[in-house]
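What follows is one structure encoded as structure tokens, with my remarks underneath.
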Amino acid sequence: MSVRLVFSAEDLLPVYDLVVIGAGPAGMAAAVEASKAGVRVAVLDENPRPGGQIYREITRNRPDERTYLGADYWKGRELANAFTECNADHAAKATVWSIDPAEAPGNDRHRVGVTAAGIARMIETPAVILATGAQERPMPVPGWTLPGVMTAGAAQIALKSSGLVPSGPIVLAGCGPLLYLLAGQLIDAGASNLTLLDTSQSTFRWNVLRGLPGFVLSPYLAKGLGLLFKTRRSIRVVTGVRSLEVLGRDRAESVRFATARGTETIDAATVLLHQGVIPSINLASAAGCPLIWNEAQRAFEPEADAVGRTPKQGILIAGDGAGIGGAQAAEIAGRIAAVAALADQGRMPRDASAASIERLRQQREKFLRGRSFLDALYAPRQVFLVPADPETIVCRCEEIPAGKLREAIALGPPGPNQLKTFVRCGMGPCQGRLCASTVTEIMATERGLSPGEVGTYRLRSPVKPVRLAELAGLPHAPRALKAVTGRDPVDHHLNETELPS
Amino acid sequence: MLNRLREIEEAVSFTFDGKRMRAQRGDMLASALLAAGVDHVRQSVVSGAPRAPYCLMGVCFECLVTIDGVQNRQACLVEVEEGMTVLSQHGAMDPLARFHEDEGRQP
């Protein structure tokens with residue numbers, strides 16, 4: 001048995017028992033688990049090969065050639081192999097731009113809008129697992145739109161997928177485990193002239209200490225300590241960084257930063273920013289799944305129960321898209337969601353599914369242990385969530401600076417959705433992905449509310465660009481054609497001569 | 001910009017604003033452009049400031065380019081293919097561009 005690769009949306013079946021969106025750890029695991037039950041599964045993913053961001057190009061990379069990627073990366077091999085051997089349909093290079101949830105009584109099928117190879121289709125399914133993963137939390141600092149500035153995740157993706165390292169001098173700035181992981185990988189890959197500016201809060205906080213006993217038992221403890229020692233031994237690490245600015249005319253040339261000891265400017269050809277990851281919520285939100293504020297992780301996440309069911313019947317979420325837990329927790333969450341989705345459809349006996357979900361949840365516990373410690377330890381500083389300088393761009397697409405947002409907020413719009421109509425923040429091509437969290441934080445600060453009370457953008461389909469020609473080329477039902485043209489489809493013999501002049 | 005740890009083994013060639021470039025088969029276009037020494041791929045639609053790929057994972061929409069005549073494609077989600085014609089994008093799209101062209105042709 002092996003996965004069927006689908007490159008055009010035309011080659012997808014019109015109906016599946018389960019549609020999985022995303023081929024990262026959660027998505028691959030969900031597909032493997034569900035296909036064991038012999039159901040028709042489609043996995044839709046944007047990239048040419050499976051793995052998601054964490055296991056990017058895992059099916060093509062060879063450990064002897066890219067040792068610098070580290071042991072945790074190669075853990076993805078086993079799952080990717082199982083995925084390529086399962087009997088799902090894998091639509092690669094496919095973009096999902098909408099989910100119409102089944103709302104009408106008597107209809108339990110969701111419609112998933114997908115484009116692959118320039119052809120769009122609406123495929124139907126009673127169950128969708130969203131395995132859309134995470135994105136990096138935006139870090140709006142002066143100069144972050146300059147060429148030469150990328151996210152730390154971007155540098156890691158370039159390293160994993162093509163063996164590319166950024167031009168030096170390289171400055172890594174921000175906080176979170178990924179920053180140190182990337183520093184370690186770049187050092188091992190032979191990158192030179194590297195500086196790490198750690199913006200984590202250096203003051204003692206009780207909530208950090210509370211999470212410590214859990215972290216002592218975490219499998220990530222040894223790895224984290226190892227990385228910290230290695231980084232500090234090999235490169236310059238500056239802690240307690242409390243302000244940061246990228247300088248340059250048409251590209252990044254230097255970084256100016258401040259600590260309690262003073263201000264310093266260092267040369268930089270590449271600046272890699274990172275302050276943690278947050279769930280990718282666009283598709284879930286546009287499908288109508290309610291969002292909740294996670295204070296510990298300082299991000300919105302879709303409301304879901306312990307197995308990933310959202311309040312929308314038949315729409316489940318697995319992995320980092322439901323709240324950050326890391327790749328190994330995501331893999332198990334994918335299996336859990338698959339079992340739950342099949343059990344809900346009556347395709348798996350209740351008691352067997354309950355037992356297997358229980359067993360998987362216990363396995364996942366191990367990887368979630370200590371997460372609260374990491375969340376608290378690497379909580380971003382307020383100054384990097386809410387830019388103080390009025391000139392700092394918040395919405396990159398529409399170039400809306402923080403000062404303009406504050407002025408508009410003072411005019412009294414009730415929430416981010418109304419703010420949007422005042423200044424166009426979040427209305428560019430990224431659809432708020434790179435400004436939503438900052439806009440919420442600024443509004444919360446200005447109003448003295450919690451971000452959960454402020455809320456975030458209401459997102460709508462299409463969540464990714466879709467061409468009019470693709471929409472026009474969708475197969476239409478006869479009654480839909482009649483509703484638009486007023487004629488029976490059998491009378492439609494549209495050809496050149498019949499076109500209205 | 002990005003540097004290759006290993007030389008290109010299986011090359012595919014494409015053009016960017018008319019300039020011939022090489023990439024390794026399997027490279028995503030945004031990474032390939034940065035590895036070929038391209039500094040920025042477009043100018044912002046608001047101020048015209050230069051912009052370059054930022055997230056490389058389909059989130060930020062900074063790497064929008066025109067590929068084989070199709071505008072606003074995310075270069076980080078497209079695999080480089082032999083003979084691809086890639087153009088940078090400058091400022092906002094002019095929806096009346098064709099109209100102006102036609103107007104210019106009037107005697």
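Below, chains carry the letters A, B, ... as their sequence lines are ordered, and counting in each starts from 1. Owing to the predicted nature of the structure, the values given are computational and were not obtained by experimental measurement.
- Side-chain N/O atoms of Gln185(A) and Gln156(A) include a donor and acceptor closer than 3.5 Å.
- Between Arg51(B) and Asp39(B), none of the side-chain N atoms (NZ, or NE/NH1/NH2) sits under 4.0 Å from a carboxylate O, so this pair counts as no salt bridge.
- Using a 4.5 Å cut-off between heavy atoms, Glu79(B) contacts chain A through its side chain alone, with no backbone atom that close.
- With a threshold of 4.5 angstrom between heavy atoms, Gln135(A) approaches chain B through its backbone and through its side chain.
- The side-chain tip of Lys420(A) points at the ring of Tyr457(A) from less than 6.0 angstrom away and within 45° of straight on.
- Across Arg56(A), Lys464(A), Arg467(A), Arg66(A), the residue that shares the most heavy-atom pairs under 4.5 angstrom with chain B is Lys464(A).
- Interface check for chain B: of the options Thr145(A), Leu159(A), Asn47(A), the most heavy-atom pairs under 4.5 Å are formed by Thr145(A).
- Between the side chains of Thr66(B) and Gln71(B), no donor N or O sits under 3.5 Å from an acceptor N or O.
- No part of Leu272(A) comes within reach of chain B, as not one of its non-hydrogen atoms sits under 4.5 angstrom from that chain.
- Gln431(A) and Asn282(A) are not linked by any side-chain donor-acceptor pair at a separation below 3.5 angstrom, with hydrogens and angles left out of the test.
- Both the backbone and the side chain of Asp250(A) come within contact range of chain B, each with at least one heavy atom under 4.5 Å from a heavy atom of that chain.
- The residue among Met57(B), Arg4(B), His40(B) with the most heavy atom pairs within less than 4.5 Å of chain A is Met57(B).
- Between the side chains of Glu82(B) and Ser13(B), at least one donor N or O lies within less than 3.5 Å of an accepting N or O.
- Both tests hold for Arg396(A) against Tyr54(B): distance to the six-membered ring centre under 6.0 Å, angle to the ring axis within 45°.
- For the pair Arg49(A) and Glu57(A), the salt-bridge criterion is met [side-chain N within less than 4.0 Å of a carboxylate O].
- Interface remark: Val78(B) contributes no atoms to any contact with chain A (heavy atom separation under 4.5 Å).
- Heavy atoms closer than 4.5 Å to chain A are found nowhere in Arg42(B), neither backbone nor side chain.
- Ile157(A) touches chain B through its side chain: at least one heavy atom from C-beta onward sits under 4.5 Å away, while N, CA, C and O do not.
- The candidate with the highest count of non-hydrogen atom pairs below 4.5 Å against chain A, out of Pro53(B), Ser47(B), Ala49(B), Ala32(B), is Ser47(B).
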